[in-house]
Amino acid sequence: MIPIAYNLRSLAVRRTTTLASVLGIGLVVFVLAGALMLSAGIKQTLGRSGKSDIAIVLRKGSDAEMASSIESPTLGLILSAPGVKKDASGSPLGIGELLIVATMDKIGVDGVSNVQIRGVPEQVGRFRKGLQIVDGRAAQPGTDEVIIGQRLRGRFKGLDLGQSFDLRKNRPAKVVGVFAYEGSSHESEIWADIDTVRQAFGRAGLFSSVRVQLSSPSQFDAFEAVIEGDKALGLDALREDRYYEKQSEGTSIFVTGLGVVIAVIFSIGAMIGAMITMYASIASRSREIGTLRALGFSRPAIMISFLLEALALALSGGLLGIALSLCLGTVRFSMMNFASWSEIVFSFSPTPGILLSALVFAGLMGLFGGLFPALRATRISPLSAMRD
Amino acid sequence: MNSSPQASPSGSDRGAASDIAEHARPTTAESIISLRGVRKTYFRGKEPIHVLQDLDLEVPVGGYEALMGPSGSGKSTLLNLIAGLDRPSAGSLLVAGADLGAMSDSQLARWRANTIGFIFQAYNLMPVLTAVENVELPLLLTKLSASERKRRAQTALRIVGLEDRMHHYPRQLSGGQEQRVAIARAIVNDPQVLVADEPTGDLDRQSADEILTLLERMNRELHKTIIMVTHDPAAAERAHITRRLNKGQLI
Amino acid sequence: MRLSSLSVRNVWRNRLRALLTVLGIAVAIVAFVLLRTVLSAWTVGAEASAKDRLGTRNKVTFVVPLPKRYIETIRQVPGVVDASYASWFGGKDPRHENEFFASMAVETKTLFSVFDELVVPPADRERWLNNRKGALVGDVLAKKLGWKVGDTVTLQGSIYPGDWQFQIEGIYSSTRKVVDRSSFFFHWDYLNDSLPEGSPQRDRIGWVTTRIRDPLQAGAISQAIDRAFDEQEIQTLTMSERAMNLSFLGMVSAVLKAIDLVSLVILFIMMLILGNTIAMSTRERTREFGVMRAIGFLPHHIALAVLIEAIVIGGLGGGLGLVLSYPLVERGMGRFIEENMGSFFPYFRISEGTAVAALVLALLLGLSAGLLPAYRAARLNVIDSLRRAG
Ligand SMILES: Nc1ncnc2c1ncn2[C@@H]1O[C@H](COP(=O)(O)OP(=O)(O)O)[C@@H](O)[C@H]1O
Ligand SMILES: [Mg+2]
């Protein structure tokens with residue numbers, strides 16, 4: 001076999017061309033990996049919000065909590081359904097919440113955006129164990145104090161520790177704490193006392209959703225059967241993870257779709273770039289190649305040698321692209337979630353799978369881009385070693 | 001896009017003459033090329049390479065001189081100096097009335113366009129241009145009209161006997177024919193001096209003889225002064241004088 | 001012959017490479033046009049919004065509706081020609097669970113005077129106005145779900161729970177291209193009267209759309225409307241249709257910015273492909289440049305020749321890319337998107353601005369990709385380049 005060092009050295013000799021191709025392929029990989037990372041980030045953020053042993057109950061036909069309403073008395077009925085886990089004292093683990101979308105002024109850019117306000121009952125911590133105050137303190141129940149998710153911080157007017165914003169005219173809510181919630185989409189929400197939200201938004205006696213802790217994930221079917229069996233209630237039960245999966249579908253399909261379409265179009269461009277480089281590399285070495293053939297190297301050996309050269313070119317580009325895309329790790333990407341019409345902050349989440357597939361993608365670009373040039377190289381006759 | 005360069009005139013129309021006159025100085029009436037104490041030193045890193053050393057050379061108007069010498073003796077370097085492609089490290093260099101050492105790059109370029117015709121060993125025709133277009137190329141630097149340029153190019157091709165190959169591309173011509181096109185290109189501007197660096201180096205005997213005959217005609221009939229570098233004794237024989245260069249010195 | 005024809009012929013000298021390069025740029029241009037069209041499809045709504053229309057909704061949240069009596073107050077505000085209210089219904093056809101379309105209860109008698117772009121055959125219009133359970137649907141939606149005039153359809157409500165029956169009485173199209181032709185309109189009275197006495201949803205309206213006499217007064221009239229409810233329980237937020245659309249854009253601004261960024265990356269990739277080709281072909285022609293310089297051509301002639309070559313390739317790639325974009329982006333993807341994502345992208349077409357920008361950018365990129373190679377070629381040492389083989 002022809003030593004790979006031969007190819008590497010020839011790539012190094014054609015420095016500018018090589019660099020241009022590597023950069024081109026790198027950018028393609030960057031865009032692809034970026035889109036996949038964002039899509040994964042969306043799924044993760046919304047996915048972390050959902051667990052398989054929690055069931056969420058909504059008004060039948062509602063796709064989102066925001067569009068759902070459940071009368072207060074129904075809460076008791078739902079909590080008494082089979083499959084609901086009970087705590088040490090024997091009371092069922094469940095929570096009724098009211099979700100409202102409020103219009104707030106953005107900071108930095110002109111304009112308004114929608115933020116979700118979650119009205120939670122006093123003993124919210126009993127059910128929502130992932131809640132963690134990272135700054136300030138918890139809100140006093142029964143007051144107009146609120147806590148905000150850490151990803152909201154500093155993005156809207158009035159939404160930072162110690163500041164306040166209007167729930168309605170002459171009814172300011174004060175931000176007393178900032179919370180983290182396992183990196184889930186709750187970190188893009190405002191949490192307030194449920195009665196405050198009900199009063200401020202004229203939703204007396206209503207919940208948006210009821211969540212219950214199932215004694216085990218397998219209990220869901222029994223729970224669902226009872227909730228949906230009573231047609232008069234007009235309720236739907238879903239596993240929470242499934243619910244959030246549906247929430248993220250539109251947005252993540254949009255991002256993945258756009259990202260993949262762009263990456264595919266781009267990759268054609270980058271492949272062409274690699275092809276140009278390889279053709280040039282082979283054309284300027286026809287004499288060398290002829291000599292190699294004259295020395296007795298076979299056509300397959302030549303073919304493999306040039307495919308390896310293309311692969312080396314593409315993989316360096318791939319690594320560059322991956323390195324670039326890893327820099328996105330610190331970028332926070334705020335985006336409207338199509339399902340709730342409100343903004344959620346996502347991050348780019350690099351998974352080993354994404355990085356690997358980006359690299360494989362780069363390799364494939366190299367192989368395809370190098371195929372025709374390598375084929376041409378094999379057709380160079382040993383005689384060209386003799387010519388001029 | 002009109003990219004025909006706004007350049008210097010040719011033939012009778014000598015717009016840049018004043019430019020060149022500035023650097024003119026009296027020469028011996030019959031010398032068109034006059035070198036005094038010309039030295040050329042290259043540096044490879046810090047180490048100086050003395051390629052030409054204290055050269056004196058007089059070439060009369062209408063002269064035809066061959067330059068021989070072993071490889072690396074500085075023949076091409078000397079030719080490049082005479083043709084105004086390079087500047088001497090020391091000494092004075094007068095060609096066709098111009099003091100080349102004192103001229104700027106763009107002045108030299110204009111001067112070359114008017115004064116020097118180049119003939120190379122590898123012909124150096126533009127592969128994308130036809131024979132007549134190759135010949136026309138130097139005329140793009142003049143203010144001549146397109147039809148006049150074409151007419152002159154055709155005339156030059158006729159002189160070298162290739163009018164029937166006008167629309168052929170270089171790859172469709174033999175080496176000898178290519179070199180004849182190159183000679184047509186060299187004379188199309190009606191320069192006073194032709195410089196040829198091993199013009200027959202790539203040719204077989206018969207083609208070489210044809211080219212040498214052609215050069216002879218250029219000298220005799222068109223009164224071109226010719227300096228020709230060659231390794232071929234038969235070629236040198238055709239010249240009026242053969243000069244020998246060894247290690248940067250004329251012997 | 002001219003110097004420029006020398007450049008043009010040099011483009012075709014290495015045919016395969018020129019073709020690949022032109023193709024590479026064309027592909028990049030297609031991607032660029034696609035992204036720009038996504039961007040302009042987002043913004044087209046804002047740009048083409050009616051200048052003489054205002055929207056009024058709950059100041060704090062669009063989830064909570066306004067009292068119905070607000071409409072009377074709004075009609076009294078000076079400068080208002082007419083006003084029409086509507087409520088978001090948010091229904092779904094259970095037979096088409098996954099089809100999202102806008103469904104809303106509207107005030108029928110004012111709908112056509114406020115939304116004068118709606119086109120309905122007069123007979124359909126009469127029938128719809130006279131049938132309390134009648135529905136008026138967009139032609140794109142009707143075609144997609146196979147609805148015809150006279151069909152009975154059942155929508156499942158979520159905000160207004162239950163199954164709701166409607167008869168399709170009319171199909172609308174629009175004189176303005178940016179209007180969503182996938183909406184489902186029905187009588188607000190039907191909705192309201194069906195709600196139980198004492199329901200908090202009764203006599204509530206989602207928003208009010210107002211037509212004003214003088215578009216220049218939009219700001220003043222908006223303020224006047226909001227001031228009228230300042231002391232009320234529920235305050236309002238009134239914005240021009242354009243401002244409303246812009247604030248929607250604000251919510252997706254990060255996406256828009258990302259798309260913007262990616263389209264810049266495309267341009268950069270294009271420049272790399274092009275620059276690479278030009279650099280290679282000029283390097284291979286070093287000796288020819290040396291000959292030209294010897295003959296008397298000046299550095300700027302050489303630079304010009306290289307630049308023309310780059311611009312020609314850029315222009316060819318840009319032209320080809322544009323030619324490919326129309327069938328791919330506009331006819332292929334565009335039709336699909338308009339039919340399936342009509343509520344977000346009612347008008348997914350390549351704008352003239354995008355087409356011109358693509359072409360101009362291809363030329364400019366050709367120019368800038370050629371700059372470095374041109375500079376290098378111009379600066380070549382004549383003797384060195386003559387010495388160089390090939
Ligand atoms: N640019 C340069 N830098 C360094 N050395 C050079 C350069 N050009 C020519 N030389 C040296 O000058 C000598 C004469 O070269 P040249 O005139 O081409 O010789 P000839 O044409 O007689 O074969 C050679 O030894 C060559 O290596
Ligand atoms: Mg030599």
Side-chain angles (χ1 to χ4, degrees), chain A residues 16-17 20-21 23-24 27-28 30-31 34 38 59-63 66-69 100-103 106 109-114 117 166-169 200-204 234 254-255 258 261-262 265-266 268-270 272-273 275-277 279-280 283-284 333-336 338 341-343, chain C residues 14 16-17 20-21 23-25 27-28 30-31 34-35 38 58-64 90-92 100 156-159 161-162 200 230-235 237 246-255 258-259 262 265-266 268-270 272-273 275-277 279-280 283-284 333 344 390:
Chain A
T16 334
T17 307
S21 308
L23 204 55
L27 286 172
V28 173
F30 168 70
V31 170
L38 180 59
R59 162 75 50 209
K60 196 168 174 51
S62 306
D63 282 331
M66 181 194 97
S68 154
S69 59
I100 287 288
V101 175
T103 308
K106 279 189 168 184
V109 285
D110 213 24
V112 292
S113 194
N114 290 321
I117 303 182
D166 279 347
L167 285 172
R168 64 187 304 166
K169 194 177 167 77
F201 295 94
R203 285 286 165 105
F254 177 76
V255 169
L258 198 61
V261 166
I262 292 168
I265 298 181
F266 270 36
I268 298 174
I272 289 173
M275 237 191 253
I276 294 171
T277 306
Y279 270 127
S284 64
F333 195 89
S334 135
M335 192 163 131
M336 192 190 69
F338 292 129
W341 289 86
S342 51
E343 274 194 48
Chain C
N14 187 332
L16 177 66
R17 178 160 67 202
L20 285 175
T21 309
L23 211 63
I25 294 170
V27 163
V30 170
L34 170 66
L35 291 184
V38 170
N58 187 322
K59 183 177 175 185
V60 264
T61 170
F62 67 79
V63 183
V64 176
K92 261 193 204 163
F100 170 84
Q156 202 171 57
S158 58
I159 304 170
D230 211 20
E231 297 306 320
Q232 301 281 327
E233 176 89 342
I234 291 174
Q235 284 102 50
L237 177 65
L246 283 177
S247 85
F248 171 71
L249 286 184
M251 295 210 282
V252 293
S253 62
V255 182
I259 293 179
V262 173
V265 172
I266 298 187
F268 192 67
I269 292 180
M270 253 170 70
L272 285 177
I273 299 178
N276 197 3
T277 293
M280 274 193 293
R283 199 171 328 118
E284 290 162 5
M333 229 172 296
F344 290 114

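So that the names make sense, note that chain A is the first sequence line, chain B the second, and so on, each numbered from 1.
Within the 4.5 angstrom heavy-atom criterion, no atom of C:A28 approaches chain A. Heavy-atom distances place both the backbone and the side chain of C:L23 under 4.5 Å from chain A. Within the 4.5 angstrom heavy-atom criterion, only side-chain atoms of C:I259, from C-beta onward, approach chain A. Proximity to chain C (any heavy atom under 4.5 Å) is shown, for A:I117, by neither the backbone nor the side chain. Contact of C:D230 with chain A is made through backbone and side chain together, with heavy-atom distances under 4.5 Å.
To the nearest 0.5 Å, atom CD1 of residue A:I272 and atom CD1 of residue C:I25 are 9.5 Å apart. Atom OH of A:Y279 and atom CG of C:N14 lie 10.0 Å apart (nearest 0.5 Å). Atom CG of C:L272 is separated from atom CG of A:L27 by 6.5 Å, given to the nearest 0.5 angstrom.
Residues A:T103 and C:K59 are not in side-chain contact: their nearest non-hydrogen atoms beyond the backbone lie 4.5 Å or more apart. The shortest distance between side-chain heavy atoms of A:I276 and C:I273 falls below 4.5 Å.
Applying the salt bridge (charged side-chain N to carboxylate O under 4.0 Å, His left out) criterion to C:K92, with sequence neighbours excluded, gives A:D63, C:E97. Contacts of C:E233 classified as side-chain hydrogen bond (donor to acceptor under 3.5 Å, both in side chains), with partners at least two apart in sequence or in another chain: A:R168.
Residues A:I265 and C:A31 share a closest heavy-atom pair of CG2-CB, 3.5 Å. When all heavy atoms are compared, the tightest approach of A:L23 to C:F268 is CD2-CE2, 3.8 Å. Considering every non-hydrogen atom in both A:G269 and C:V27, the closest pair reads N-CG1, 3.9 Å.
Contact count against chain A (heavy-atom pairs under 4.5 Å) is highest for C:V265 among C:V265, C:L34, C:N58.
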